[in-house]
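Just below is one structure, and these are the notes that go with it.
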Amino acid sequence: MLHREYDPKDIEQKWYDMWLKKNYFHADEDDSDKPTYSIVIPPPNVTGVLHMGHALNNTLQDIMIRYKRMDGYNALWMPGTDHAGIATQNVVEKYLAGKGVSRHDLGRDAFIDEVWRWREKHGGLIIGQLKRLGASCDWERMRFTMDEGLSRAVRKVFVSLYDEGLIYRSDYIVNWCPRCHSAISDLEVEHEEEDSFLWHIRYPLADGDGEVVVATTRPETMLGDTCVAVNPSDERYTDLVGKEVVLPIVNRRIPIVADYVVDKEFGTGAVKITPAHDLNDYEMSLRHGLEVIVIMDESGIMNENAGPYKGRDRFVCRKDLETDLEEQGYLVDRTPYRVPVGKCYRCKSVIEPYLSKQWFVRTKPLAEEAIKAVQESRTRILPKQWEKTYYEWMNNIRDWCISRQIWWGHRIPAWYCEDCGEVIVSETEPGACSSCSSANLRQETDVLDTWFSSGLWPFSTMGWPDNTKALQKFYPTAVLITGFDILFFWVARMMMMGIKFMGDVPFGDVYLHALVRDEQGQKMSKSKGNIVDPIDEMDQYGADAFRFALTAFAAMGRDVRVSDKRIQGYRFFINKIWNAGKFVLSNIEGFDPKSLSISPDKLSLADKWILTELNKTIRDTRSALDEYRYNDAADNLYQFTWHTFCDWYIELSKPMMNEENAPYTRWVLTHVYKTLLELLHPIIPFVSEEIWQNLPGRTSESIVVTQYPQVNHELDFPDDARMMECLNDVISGVRSIRGETNIAPSLVLDIVLKVKSPDMETLIGTYSVFIRELARVKGIVFIAEGAPRPRKCALAVTSEVEVYVPLEGVIDLDKEKERLDKLIAKTRKDLEAKQKKLENKGFLEKAKPEIVEEQVRLKEELDFMLERLLKAHALLEG
RNA sequence: GGGCGGGUAGCUCAGUUGGGAGAGCAUCGGCCUUACAAGCCGAGGGUCACAGGUUCAAGCCCUGUUCCGCCUACCA
């Protein structure tokens, strides 16, 4: 029996524990009977806590996995966490700072030990939260990107790409975060426009008179200038090319060169070139063989090359330099200017383009294959509009900087020979130099970008590089479900790596869901203070209501806005389901559905109707889930549960409970409700299980492993369903009259029905109990089609029936007139539009015949209604 | 600069080959009808951003305008 009131706290933990105990979530690679369905989880940061994005993402995955598991698939959901290099290192460093210790105090090995300890202590948090949400991952397969197995995969891939020349080490301008003390990839830089200035600075010619004025947004970099460039076709400067200017303050002589990339229109048409601190400038320096001068250290502090500014922070230097330039007459102008500023996505520090030696992946050849895979539909990207974005990025892909100057991560498997300088890249530590046999080797201290290891996730988690049974069984995965924000970071890289090392795409579908925003559509962030905590939501409304809300929000390709109000609305929905369960259970005590054999002749019209509606819901829900139309699935189920099953069928079933066919009603009631719970289970696992376990006629021990509902063609009665709709229309008609003319609900009415055919009269006669109970009617009198209409009645017209409610002594005549006036006006309007359409020759000639036919039918219906309404109105007067 | 998405009821949003404008919440009126007042019954409310075009027919397709949001970019 169910508790009187639904309380999520009573049931969620209980069932999750049971599911784990029964090992339902485990997918067996030796099971050869079932078709396979697999998903790998986007691994959350090991130090992270569950946020709304995770909640949405994992709810959507869980829905697919539970659906497929119930539907007979060998369904694997591979779980795990990501070591999140920079993020985790930052967290642990902050923790240590609280104790007054820096990572340098500890040293590399001790610090890494500290991070592992941190992970032991806090790494399980988010996993527990996923369980709270109901995630049905195969937990015994839990992986971590720093596990020995996955680390082996990383080394193998690195060495293999290096041997092929697809990984190389080179000096290049990278995005340097002076706070993280590391290079980061292009993707990890966030661009923002900020108010700043454009400085115009005078560079005097070295010999004789004259000067060149350059414009810059970063004046401090002039300390590292090694030339001034102009466009070769710029006549203003033709004579100056080849001459030298003197760099103010530092008094270095630098040449004026001509280069085609210089924009004549911008500023003065002359640009200062700082090869060590700007990508364009660096590339230009290669073309012209220029000197390269690094003027800052790794913390963004000016170094000895900055002369008098040595030791000052880069922004302090900018200010001081400006003052000095002005005092010495070099500053020509300073105008307000919007500049794009790159910031570290982790710590928001301003990124410094910085010349350093880094490791890169040559991505072009990998990207080509990844593009082809999507073009050939071996992988589908959904919603489709993201395909273009994917192509765009892949086509313009730049080499990927994979080295990070931090400690927490996969250490790059490269060693340098201290004697001969040879670089040895190897999966295992080499004993001696491959070139000179020296044992004097030093390992690379850099670690790899975290995304390098996540890029291998779909196969490294399954045991690669060993050719495991899991790989054979579950690779490629069916779908990757993730947020669009990591399409490049992660999805693109998995595509490249999967194709390269497995020879096959990592997933058949990529479903990209939207980002979760707050009610105002703002991105959630700690600084804005608009974070909605999923755990709070679950505490307040229960995991099921929360999941259902997320599912209903997840319209394809749209932002997801969380609204407390809506989540609460779905909490009420769960409550509705619960109460319906109480109703069902209280009416089937001692009833055994298996004792009955169901045949159509035993079923009432209402039974046939609800069974037909159920089939439709099964069809719609399945196709919605198959196509990742989550909100459609949720909406369909919501509509059917509340407004079809509860509002109508349960009410219809009440009077049937006392009839002789009551057992069949009980059967249908139980069957429909049980099926409904099964349809809902992937979305609301806990409450569906709780109620389902109380129902009779179960054939498995848990809803988790019961067959997902299939359309039952033997219990499909579309014609009967239409008849039932007619009856419902009569009920609605009476209710509408009641509502609008202020008839007291306690007043039981007599009505007169005028029907089109004797068949209809028989049908209504047979099921008049429905009308009597649901519309609160006592006497029903039928009159024939040709008979005179009763006077002084309110009228409701349906497509098949005219419903007369005698007014005298019952209702307000004027109210009814008003009501009819409104109806007449509306019907007239509809009719006019319809008529116009049907008088249009073009329509009759060109529209599809079935469309025309339909329009004619609708027009006739409107004609019929209007005529009745007008007559009723006239009769009111009499 | 390039690309993408959006502007539909007071609010938040659905609307799948072009063919009767929808939901939830809010609002108004009436109900303790024995599963549920976290509920039931009834009702009101929209020139589908704007302007053109294609079509017999446009919220939906095309063009332009405008306003928002996001992604991307080496114009100092």
Side-chain angles (χ1 to χ4, degrees), chain A residues 2 4-6 173 186 191 198 214-218 221 229 261-263 265-268 270-274 278-284 339-340 353 383 385-386 388-389 392-393 396 484-485 487-488 514-515 517 519 521-523 552-553 555-559 561 563 565-566 568-587 623-624 627 629 631-632 635 638-639 646-647 650-651 654 732 735-746 773-776 819 822 830 833-834 837 840-848 850-852 854-855 858 862:
Chain A
L2 297 178
R4 205 172 71 78
E5 279 178 23
Y6 161 64
I173 298 284
D186 296 334
H191 293 94
L198 190 61
V214 298
T216 180
T217 56
R218 296 195 303 152
T221 60
V261 302
V262 179
D263 180 358
E265 310 301 320
F266 189 90
T268 58
V271 57
K272 57 187 271 323
I273 299 299
T274 321
D278 184 279
L279 180 58
N280 276 327
D281 293 3
Y282 181 70
E283 286 178 345
M284 194 183 291
V339 290
Q385 68 240 28
W386 288 107
K388 195 166 176 180
T389 311
E392 181 78 10
W393 189 73
N396 298 308
F484 66 75
D485 53 327
L487 175 60
F488 306 141
L515 255 45
R517 300 175 189 281
E519 253 176 305
Q522 303 269 319
K523 210 165 162 174
F553 293 160
M556 213 187 265
R558 289 290 211 112
D559 283 351
R561 293 197 193 193
S563 142
K565 209 64 189 274
R566 278 186 79 185
Q568 188 188 44
Y570 291 115
R571 168 68 175 76
F572 295 159
F573 174 61
I574 305 291
N575 207 53
K576 187 76 181 175
I577 296 172
W578 184 268
N579 283 311
K582 272 164 49 186
F583 174 81
V584 172
L585 286 169
S586 67
N587 278 285
S623 69
E627 294 159 34
R629 287 182 288 110
N631 63 316
D632 282 350
D635 289 347
Y638 184 95
Q639 199 64 27
C646 290
D647 287 351
I650 283 186
E651 295 307 321
K654 286 176 183 175
S732 295
R735 282 173 170 178
S736 181
I737 291 170
R738 277 181 171 281
E740 287 197 77
T741 56
N742 297 339
I743 299 175
S746 54
E773 290 297 317
L774 272 66
R776 291 187 70 85
R819 194 183 71 93
K822 270 192 297 187
D830 291 351
K834 205 58 62 184
K837 193 170 213 173
N840 186 330
K841 260 194 231 153
F843 175 69
L844 295 172
E845 284 164 15
K846 296 187 181 172
K848 279 179 270 180
E850 63 265 29
I851 297 285
V852 178
E854 171 77 357
Q855 296 299 315
L858 288 170
L862 286 169

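Convention: sequence-line order gives letters A, B, ...; per-chain numbering from 1.
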Take atom C1' in B:rU12 and the same atom in B:rC4, then report the distance between them in whole Å. 23 Å

Record whether the side chain of A:N575 comes under 3.5 Å of the base of B:rA38 through a donor-acceptor pair of N or O atoms. yes

Looking only at B:rG20, B:rA38, B:rA35, the nucleotide nearest the A:L858 side chain is B:rG20

Answer for the Watson-Crick or wobble partner of B:rG5, both distances under 3.5 Å, is B:rC68

Q) Can you find a donor-acceptor N/O pair under 3.5 angstrom joining the side chain of A:N280 to the base of B:rC74? A) yes

Original post:
Given the P atoms of B:rG10 and B:rC67, what is the spacing between them in whole Å?
Top reply: 24 Å

Is there a donor N/O on one and an acceptor N/O on the other, under 3.5 Å, for the side chain of A:E5 and the base of B:rA35?
-> no

Per-nt protein contacts along nucleotides 24-31 of chain B (heavy atom under 4.0 Å; B base, S backbone sugar-phosphate only, - none) come out as SSS---S-

note: A:I173, atom CD1; B:rC74, atom P; distance rounded to Å ~ 13 Å

Margin query: Say we look at B:rC11 and B:rU17: how far apart would their P atoms be, to the nearest angstrom?
Written below: 28 Å

Any strand, both distances under 3.5 Å, Watson-Crick or G-U wobble: B:rA73 pairs with none

Side-chain contact check for A:A847: nearest option of B:rA76, B:rG3, B:rG19 is B:rG19

Scanning all shown strands, the Watson-Crick or wobble mate of B:rG39 with both distances under 3.5 Å is B:rC31

ask   = Under 3.5 Å, is there a donor-acceptor pair linking the side chains of A:N579 and A:K582?
value = yes

May I ask you to verify if any side-chain N or O of A:K272 is less than 4.0 angstrom from the OP1 or OP2 atom of B:rA76? no

message = In whole Å, measure the gap between the C1' atoms of B:rU27 and B:rA9 for me.
response = 11 Å

Exercise. Hey, are A:E850 and A:K848 close enough for a salt bridge, meaning a charged N less than 4.0 Å from a carboxylate O?
Worked result: no

From NZ of A:K582 across to C1' of B:rC36 the rounded distance in Å is 6 Å

As its Watson-Crick or G-U partner within any shown strand, both distances under 3.5 Å, B:rA51 has B:rU63

Taking B:rG42, B:rA14, B:rC36 as options, the one with an atom nearest any side-chain atom of A:R735 is B:rG42

Practice item. Rounded to whole angstrom, note down the P distance from B:rG29 over to B:rC62. Key: 46 Å

By the Watson-Crick or G-U definition, both distances under 3.5 Å, B:rC13 is matched with B:rG22

